[in-house]
Each structure stands twice: as C-alpha cells, then as structure tokens.
Amino acid sequence: MPADSPSDTDTRAGDPSPGVNPRVPERPTLDGLERKWSTAWERDGVYRFDRSAPRERVFSIDTPPPTVSGSLHVGHVFSFTHTDTVARFQRMRGREVFYPMGWDDNGLPTERRVQNHFGVRCDPSIAYDPAFTPPEVASEKEPVAVSRPNFVELCLALTETDERAFEELWRALGLSVDWSMTYTTIGRLAQTISQRSFLGLLARGQAYQLEAPTLWDVDFQTAVAQAELEDRERPGAMHRVRFAAVDGGPDALIETTRPELIAACVAVLAHPDDERQRALVDGEVLTPLFGTRVPVMTHPLVEPDKGTGLVMVCTFGDLTDVTWWRELGLPVRSVLGSDGRMVEVPWGAPGWETEDPERARTSYGELSGRTINQARRRVVELLQESGDLVGAPEPVTRAVKFFEKGDRPVEIVTSRQWFIHTLEHREELIARGRELRWHPEYMRARYEDWVQGLTGDWCISRQRFFGVPFPVWYPIGADGAILYEQPIPAEEARLPVDPSTDVPDGFLPEQRGQPGGFAGDPDVMDTWATSSLTPQIVGRSGEDAELFAKVFPMDLRPQAHDIIRTWLFSTILRSQLDDGVLPWRDAAISGWVLDPDRKKMSKSKGNVVTPMHLLEEYGADAVRYWAAGGRPGTDTAFDPQQMKVGRRLAVKLLNASKFALADLPTPAPRLAHPLDRALLGRLTGVVAAATSSFEAYDYARALERTETFFWWYCDFYLELVKGRRYDPDPAVASAVSRALGISLSVFQRLFAPFLPFVCEEVWGWWQEGSVHRAPWPAAEELEEAHGGEQEAMQDTALAVTADVLREVRKAKSEARRPMRAPVELVIVEDTPERLQALELGRDDLLQAGSIGALEGRPVEDFAVEVKLAGEAAG
RNA sequence: GGGCGCGUAGCUCAGUGGGAGAGCGCUCGCUUCACACGCGAGAGGUCGCAGGUUCGAAACCCGCCGCGCCCACCA
C-alpha cells in the first residue's frame, strides 16, 4: 500500500465496511499466533528483499552472526529483538530492508564441540577416509584421530543441525529476516570472499608473514590475537632471587612471579634514574642455577618502586619482555615449547653460554619436559637449596592474561604467523570511528580506547582446522627447505581453495612435500578475519556487483558492546583496507542481559531458561516486549514479570480491537465530535514522538510513549465513547466508528515492530495485506483532528472530562460501590475556561459515569463533589 | 592506575532548569454489555552524600562514596 498519495489517507486509515464483522473471533486469543503468522509470512514473502529497489530506498543491516556451537540464550533474543524492531520500522517507512541472517560456525568453539560430541581429534597428517563414521560411543579420554577433511565434515554436520534449531527459534521470535539470504562463516561464499580479500591485502603489502614472538594458547596450540585476551585474577607468589656478581661487583636482587623462566633470562634492567642501581648498571650478573652472564641495562619502562627496582627480562614472560627485547636488541633464549612444556636446551652451545655448563645441565635437567607449573615448583626448591632465594615466596594475587576461550594463561612463543598491518592505520581508524554515528554516543570511547591501546599488528593465522585456509602454497627448495618468502597465491578464479588438498598451478599432486615441489600453508584464518567481512559477504562483494552497490556501505551495524574491540573494530579495519570507506553509517550497541542480582547472565542460568521455553510460556510478543524495554547500550535485568506485562498488553490490543471492530457501522465521512478530534490530536503527538525516537534508534522510548498513551486510551477514551458507540442513531455511531478506526489503525501499526504477531492478527480482522508492509503512521492521516478555532478547547475538553471521570470513579471506589452505580449529581469547581470545555464532553461523561446531573461552579481550584444516588454527597 | 556508565518508591526503570512519575509487587473495592490474561482506588520516596551556580536543582558544575563495565607494562 503506497504512502505517497494524500488521497489515500481515507482508505489507509481503514474505514470499516458496514455490518457484523465475521473476521473477529468470539474469544480472541494469543495462542497459536506465532505458528500461524510465521508460516504466512514465509509463504507470502513479506520480508523478502526486493533488489530492484533503488539504493536510496534500501536499508541494509549487517547482522551479527551468532556462534553456532552451543545454544542461543536470552541475551541473543534481547539484542536481536532490538534490531528487528528497527528493521520493521524502516520497512513500514517504505524502506526496502536488507536483513539477512548468518551463522558463525567457523572456529574453535565448533572444533571443541565436535571433539567432545564425537570423541575425535584432528590429526592433519592422516589421509582422508571417505568411509569414516564417528565412534558409536564418544570417549573424551581416548579420542579417535581423524584426518583434517574428515574432521571438517564432522564440524559441518554438527553445525548444520544447530543452524536449523537456531532458525526455528528466530522464526518463533518473529525476526523479520529474509531467510533466502542466510550465510555461514564457513560456507563457500564466506571462504571465497575471505580468501580474495586476503590475496588483495597480500598483493598490496598489507598482509605479511613474520616469525616473531606471538601470543600463544598452550592447550589449543595456536596463536591468538590481542583482542581475544582477557585478564583473570590468579594467585601466585613473588620470589626474591639473587643474581650473583661478576668480577667483584655487587649482587643483584630481582623479584619475579615466574622463576621458571630464569633459564630464559637475557638481561636485568633498572630505571635510568635509579641511583641505587648505579653500581650494577652496564655491568653483568650471573643467573642463579644456570650461570649465564646477563647484562644489567636501563629502560624507562622499569618502575623503580616495584620490588627491588630491578627486573629480569626473559624471552618471553609477558608483553613487556617483548618490548624490552625488541628495543634493547637482546638475544632470544627460548625454554617454553608450544605445548606448554619446558624444551631441551643445549647448554654451552652458542647462545647458551654458561660459566658452569655442568651445573646448568644438571639444574635444567630437573625442569626439562615439565609443565610450567611443575617447573616453577621445582625451580623454587632448587633456588632454596642453592641459597639464591632470599626470604620466603610471598603470596600475591595478580591479573594474568588468558585466551578468552582458554583454560591456562597465554604464553609468548616464537612462531611464523600472518599479520595484517594495523598500527600504521591507527589514525585513519580513529577518524572512521568519529564518522560513525554511535547509539548510544558514549560507546565511541570504547572503540577509541581500544585503537589507542593497540600494541601490535593483527595476527590472523591460527594453527587450527575448521576455518578458512590461507590460499597460498610455498615452493620447496632442492634441499627440502620451505621457501616461506616466496608464497604462491591461488588464482582468483579457483577460489575457494584448500591448499592442504588443492595443488598450485604448475605442480603435480605427487610433488606435495617433496624437494623441488610445494607445501600448502597449514593454517586457517582467525574467525574474526572472516567475520570482519560480513558486509562484503552478505552483499556478495566481487560476486554480484549490482547487489553490493545497493547495500554497501550498509546503513546499520547492530551488536553488543563486548565485541566492539573485535567485530566492530576489525570490520572497520577491513573496509578501510579494501574499500577505503566506513562500512556502515550507524552502529546500534545493545547491552547485556543481567541476572536479577546484577551479574552478567550466567551460562548455567541461561541454559535453564532457554529462549524457546520463554516463547512457549509467555508468547513471542511478550518476550519481545521485555527485550524492547532495554534501551540501547543499557544492561537489562532478566525479568519474566515484564514478559507478563507484555502479554497483557498484547491481550489488551486484541480486546480493544475487538471492541472497535466486532461490528462495523457505516463510517461517517468526517470526524465531528470534539473529544474524537482531541483524541486524534494527541495521537498525532504520539506518532511524532515514536517516529523521532525510532529514527534515533531509541526503540525503547518509542514503545514506552505508545504504550502509555494506549493504556490511557483504553481506560478513558474508550470508556467515554461507549455510549455513542452503541447509540441507536446510526449517524452518532458511525462518527465514533470513524474515530475508533483511525486510532486503532494507528495503534496497530505503532505496535507492529514490537508485537508483530498480535498486530498482524488484529490487522487481519479488517485490513488487506500485512501490517508489516503497511505504511508507518504519518501526521497527514490525522490531519482532520486539527484546524478550526476550537482545536485548543477540544484538547482541554478531553483533559477536563477525563479528570472529572477519575474523580467520579474515586468516589465510587471509596464508597465501595460498583462503577456502574448511578450518580445523582456531580458538581465541578473549576476555571470558567475549563468548565466551558467540559460542556463539549458532557454527554460522554454523563454516560460513562452513569451521572444524572452535572453542574459547574466557576472558581480557581479544581474540585469535584459527587453525590451518589441514595446517599449523602461524598 | 586511566576511561565510560550508573545510583529516583520494596523491585525494574522513565524523567536533563519551575507540580517527584510509570509498571510490577502490596492494600482495599468492583462479575462494568472489548477484556477477571480484567476494571477502579489507595498506601509508599531527604531523587547516594556534601558543596556550588540559579529567583528556583532529581536534572547543570566541583568533590566524595558505592556499584558495574572497558582498558592498562602480569616484574
């Protein structure tokens, strides 16, 4: 139904046709509406994106793809509802809404789930077995080793099941997604686009490979990125350790929580201004137990107030060590293996020189092969025995960096990884962040803080299996060495490729791994390296130029605040590097769902309260009502009570619609009654408020304004007009019908983004087509409420009539009489102006209050005297 | 340590210069012809604390206290 012609106003407002309305049920109910209407919407393609629409009419949404491993929880329901209300609003405003759904199935969470579910582990050295079936009984203790292609097949099988369940939930919740455009982050399209973007970065020198100290998870045995770290408080102990003097100089005392890394010590540092350390600086000291000579140097990052003012630098205990190592040009002595155990080291060999090779070998022999914690305990014992530990270890609690999905602290291990240049783009990225319109505005600070605090380029390679492979191979020299410096990129036409099974042009399969042959890059991309391209994936960048031009840059990125540093940041980076643009105009940031005790909703709780249960118990509209009450960026308590309130609102809308639409008198051509005109005048203000709130992504305010006015409408306006509604004079009844029709039509559309099921139901009682494709209410529809010299007085009439009705009700309530109890006389004291206005609503008031007589007395202050029939005045 | 947000009725929250509000919960009443998944009424608050600006502050400014989140070089 197009909104562009003013002459449409009358039909759009929904003039009912006369007579009893057979479409209104005897007893309206919410039960079954989800199934009924989600089926109908799919059948009729109500939310299908029409790509023939011109760019300026398109509203494109870059939906967050939920992680498929595990389950959707109420937090997802919460934030996806927010986006859906905006999508529905924009659709009703006449925009063609591009709203696809994606599933993030790629990555570690899926791998971990597949390992547990099937009892397998991936061994890339095994050949593919086409006949493989997973073990009948999954054993976590003794997993079956499977090839990488088999492992990936299992991942795909499991995620497909999950994705079906997720889609079912979203449909039940009523998300107005175009399900024909669904994508997955492991799918062929996402792989192609990720690989193509990577090859572009490589060709432009924006991606590079480097062997360097890298953040490393020793359990998953993969590199991780700075953005994936989180701090956790862990107990530890501070050890004061003596480093012996060389050549008669003084001993050095350092403090450390990681004594197991003494063997990896490459220097001892002091602050340049620290007078106490003057005698040591520029000299050398010996590491205890191992007798390695290490220089004593200075660096401004050393804090003289901490510990003894001296700190040992190890390769590598933390990120500060990396800084010191790099800036002071120190050597590398690595003792930690990629599996988190101490490796063998060649004491006495170059790089491992020692004053006492025998002692070093004996001491280190106690540590070699042990885990970090075992080695730490043993080294403390050795230091105690040798007398190099000063005092007892002092228990401390300190923040330790963990991979957010990991169980042990991250270590820093030297390895070969792919990076994307990030640091050199910092200023552009901040500028893009300032271009972006944030909702709420203050979320921009989180982004800027993050960009300012970046310490390195983005490491995008992961030593894992279920992800997008790097589309490159390497030649192998005649001596069998892999020539990493000469990567062979895949031809673009071949994408997506898997270099572990595909063969580069100009080689034969038999040459894999052979001298003179080739080797595939063994790694996969960080899951964010794919997710950061969601605008390009949904817009089919490079596959469908026409579509991409229509939807990109996108209008809206909705997401929660916890992934600003990952998803939002990396998406801006990739768009900047690939297209030199900001990927969206607006970002709407959702809060979290909190337990009633204000803590972040816990996993266990989230699993008990599954979203499907909530939808079944309260109904989708009710759950959406609760969610829509959470303002942008604000954390919101999980509150079933609010869902009950939402359900009541939906029921109210059913019943109010039944009252207005159950039978349909001949509609009057114009509004005549002052109260009717005043009502529509107020509704004009509500429409304006809801519209401007929605335009600013404040769906919660739009709902609140609409809801508040709707309850007032039911409690006062509907009660006031009941007499005229049932008036035997058809002219009177039809005039009310017109006002009810216009107002109901507006309410049904104002609520449609929030309560899509019940609104579609009541719309279907009297209108053609879906309410979700009906035009958003506009002021022009209500213009007959305005104009004329009586406009101000009409509104006063409505106000004073309602005020008096309230007083009459109060009197009856205090007298413990029913509301229909007759009233002999009502005396209203009020200003002459208000009394004059009251005359306009007199007839409705007398009827609604069962009032026999009404008198006015002009005075300054408002007061009402109510004389119930058969009683003294109250 | 730095940054951001929050602190209003028992609970969840709205309110950004001029009457302290809503819903839930609670109490009382009402089978009223759209609705008992209802209707009507009522009780309940030093707007975290202390100062300042102003004729006037819940709101604006300064400081403090408390809660939450993000970030930071884990010695």
Side-chain angles (χ1 to χ4, degrees), chain A residues 24 27-30 230-234 236 238-239 241 254-258 261 268-269 299 301-303 306-314 317-324 396 398-401 409-410 440 442-450 452-453 455 561-562 564-565 591-592 594 596 598-600 618-619 622 626 629-631 633-639 641-642 644-645 647-662 700-701 704-705 707-708 711 714-715 718-719 722 725-726 805-806 808-821 848 850:
Chain A
V24 178
R27 287 196 61 81
T29 175
L30 298 178
E230 64 183 26
D231 285 351
R232 297 182 199 164
E233 291 288 325
R234 281 291 179 274
M238 190 64 75
H239 308 80
V241 181
I254 63 105
E255 285 200 344
T256 180
T257 56
R258 302 207 56 182
L261 294 179
V268 168
L269 301 185
H299 194 279
L301 280 184
V302 177
E303 291 182 31
K306 272 196 183 177
T308 61
L310 287 174
V311 57
M312 72 168 178
V313 183
C314 306
D318 61 35
L319 287 171
T320 320
D321 281 342
V322 178
T323 305
W324 284 326
V396 291
R398 78 265 193 249
V400 182
K401 289 207 185 305
V410 292
Y442 62 75
M443 286 293 177
R444 173 184 287 114
R446 299 219 179 167
Y447 172 82
E448 288 198 11
D449 284 356
W450 174 252
Q452 298 281 13
T455 58
H561 54 66
D562 55 334
I564 288 174
R565 68 174 181 171
W592 275 337
L594 305 175
R598 310 300 307 168
K599 294 274 185 275
K600 188 185 175 186
Y618 301 101
W626 159 74
R631 309 185 95 79
T634 306
D635 295 344
T636 299
F638 175 73
D639 188 0
Q641 200 59 51
Q642 280 302 107
K644 288 184 185 167
V645 174
R647 187 171 175 86
R648 289 231 284 273
L649 176 62
V651 169
K652 197 75 176 172
L653 188 59
L654 275 182
N655 287 312
S657 297
K658 181 188 167 198
F659 168 70
L661 305 173
R701 191 185 186 85
E704 191 235 308
R705 291 304 181 91
E707 184 194 10
T708 300
W711 282 107
C714 291
D715 294 344
L718 290 187
E719 294 299 327
K722 262 182 187 168
R725 170 82 175 81
Y726 296 118
L805 180 58
R806 187 195 307 274
V808 171
R809 285 170 172 169
K810 183 173 175 177
K812 291 180 182 181
S813 196
E814 283 172 351
R816 307 196 165 187
R817 302 290 305 277
M819 284 301 127
R820 58 158 186 190
S850 308

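Everything numeric here is computed off the predicted structure, so don't read it as measured data. Throughout, protein chains are lettered first and strands after them, A, B, ... in sequence-line order, and every chain is numbered starting at 1. Keep in mind that the numbers below use all heavy atoms, side chains included, and drop hydrogens, waters and symmetry copies.
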Undergrad: Rounding to the closest angstrom, what is the interatomic distance between B:rC13 and B:rC28 at atom C1'?
TA: 26 Å
Undergrad: Please measure how far the C1' atom in B:rC62 lies from the corresponding atom in B:rG51, and state the result in whole Å.
TA: 8 Å
Undergrad: Can you tell me the distance, in whole Å, between the CG atom of A:L654 and the P atom of B:rA36?
TA: 12 Å
Undergrad: In whole Å, measure the gap between the C1' atoms of B:rA58 and B:rG21 for me.
TA: 12 Å
Undergrad: I need the CG-C1' distance between A:L30 and B:rA34, as an integer number of Å.
TA: 14 Å
Undergrad: For A:W324 and A:L301, which heavy atoms make the closest approach, and how far apart are they?
TA: NE1-CB, 3.6 Å
Undergrad: Checking base pairs now: Watson-Crick or wobble, both atom distances under 3.5 Å. What partners B:rC69?
TA: B:rG3
Undergrad: Does A:K722 or A:R701 map to a spot on RNA chain B nearer the 5' end, using the closest nucleotide for each?
TA: A:R701
Undergrad: Run A:K722 and A:E719 through side-chain contact (heavy atoms from CB on, under 4.5 Å) and show every step you take.
TA: CA-CA 5 Å; A:K722 262 182 187 168; A:E719 294 299 327; 3.2 Å; yes
Undergrad: Starting the side chain at C-beta, find the nucleotide from B:rA36, B:rA34, B:rG5 nearest to A:Y726.
TA: B:rA34
Undergrad: Could you list the protein-to-nucleotides 39-44 of chain B atom pairs, N/O on both sides, closer than 3.5 Å?
TA:
unit_1 : atom_1 : unit_2 : atom_2 : d
B:rC39 : OP1    : A:K652 : NZ     : 2.5
B:rG40 : OP1    : A:D715 : OD1    : 3.4
B:rG40 : N2     : A:S813 : OG     : 2.9
B:rG40 : N3     : A:S813 : OG     : 3.2
B:rA41 : O4'    : A:S813 : OG     : 3.3
B:rG42 : OP1    : A:K810 : NZ     : 3.4

Undergrad: Backbone N or O of A:A622 within a donor-acceptor pair of the A:R647 side chain at under 3.5 Å?
TA: no
Undergrad: If you check the A:A656 side chain, which of B:rC30, B:rC70, B:rA34 turns out closest?
TA: B:rA34
Undergrad: Once you round it to whole Å, what is the distance between C1' of B:rC4 and CD of A:E448?
TA: 12 Å
Undergrad: Roughly how many Å apart are B:rC55 and B:rG17, using the C1' atom of each and rounding to a whole number?
TA: 12 Å
Undergrad: Distance check, rounded to the nearest 0.5 Å: A:L310 atom CG versus A:L269 atom CG?
TA: 8.5 Å
Undergrad: Could you pull out all residues at least two apart from A:L261 that satisfy side-chain contact (heavy atoms from CB on, under 4.5 Å)?
TA: A:R258, A:C314, A:V335
Undergrad: Just jot down the salt bridge (Lys or Arg N to Asp or Glu O under 4.0 Å) partners of A:K644, sequence neighbours excluded, or say none.
TA: none
Undergrad: Answer yes or no: is there a donor N or O on one side and an acceptor on the other, between the side chain of A:D321 and the main chain of A:V313, under 3.5 Å?
TA: no
Undergrad: Considering only B:rA34, B:rU12, B:rC28, which nucleotide approaches the side chain of A:R816 most closely?
TA: B:rC28
Undergrad: For nucleotides 71-74 of chain B, give me every protein contact, N/O to N/O, under 3.5 Å, one pair per line with atom names.
TA:
unit_1 : atom_1 : unit_2 : atom_2 : d
B:rC71 : OP1    : A:R565 : NE     : 3.1
B:rC71 : OP1    : A:R565 : NH1    : 2.5
B:rA72 : OP1    : A:Q226 : NE2    : 3.3
B:rC73 : O4'    : A:T320 : OG1    : 2.9
B:rC74 : O2     : A:A399 : O      : 3.4

Undergrad: If the P atom of B:rG15 is compared with that of B:rU32, how far apart are they to the nearest Å?
TA: 40 Å
Undergrad: P atom, B:rC47 versus B:rA9: distance in rounded Å?
TA: 10 Å
Undergrad: Taking any heavy-atom pair under 4.0 Å as a contact, classify A:V645: base, sugar-phosphate, or nothing.
TA: sugar-phosphate
Undergrad: CG of A:L649 versus P of B:rC37: gap in Å, rounded?
TA: 17 Å
Undergrad: Any base atoms under 4.0 Å from A:M238, or only sugar-phosphate, or nothing? Heavy atoms, all strands.
TA: sugar-phosphate
Undergrad: Expressed in whole Å, how much space separates the P atoms belonging to B:rC73 and B:rG18?
TA: 46 Å
Undergrad: Which residues satisfy the side chain to side chain donor-acceptor pair (under 3.5 Å) test with A:E230, sequence neighbours excluded?
TA: A:R232
Undergrad: Which base, if any, makes a Watson-Crick or G-U wobble pair with B:rA36, both distances under 3.5 Å?
TA: none
Undergrad: Against A:R234, only a single residue in A:T257, A:V400, A:V396 fulfils side-chain contact (heavy atoms from CB on, under 4.5 Å); can you say which?
TA: A:V400
Undergrad: For B:rG63, what is the paired nucleotide under Watson-Crick or G-U wobble rules, both distances under 3.5 Å?
TA: B:rC49
Undergrad: Expressed in angstrom and rounded to an integer, what is the separation of A:R631 atom CZ from B:rC6 atom C1'?
TA: 14 Å
Undergrad: Quickly work out the A:L594 CG to B:rU12 C1' distance and round it to whole Å.
TA: 12 Å
Undergrad: Which one is paired to B:rC26, where only Watson-Crick or G-U wobble pairs with both distances under 3.5 angstrom count?
TA: B:rG42
Undergrad: Could you measure between the two P atoms, the one in B:rU54 and the one in B:rC65, and give it in whole Å?
TA: 28 Å
Undergrad: What integer distance in Å separates A:L805:CG from B:rU32:P?
TA: 17 Å
Undergrad: A:N655 CG to B:rA34 C1': how many Å, rounded?
TA: 5 Å
Undergrad: Is it true that a side-chain atom of A:H239 and a backbone atom of A:V241 form a donor plus acceptor pair closer than 3.5 Å?
TA: no
Undergrad: Taking only residues two or more places apart in sequence, or in another chain, which ones meet A:R820 in a salt bridge (Lys or Arg N to Asp or Glu O under 4.0 Å)?
TA: none
Undergrad: By the 4.0 Å heavy-atom rule, please label A:V313 as base, sugar-phosphate, or nothing.
TA: nothing
Undergrad: Using only atom types and a distance under 3.5 Å, with no angle test, would you say the side chain of A:T634 pairs donor to acceptor with the backbone of A:G630?
TA: no
Undergrad: Take A:T708 and A:V396, find for each the nucleotide of RNA chain B with the closest heavy atom, and name the residue whose nucleotide sits nearer the 5' end.
TA: A:T708
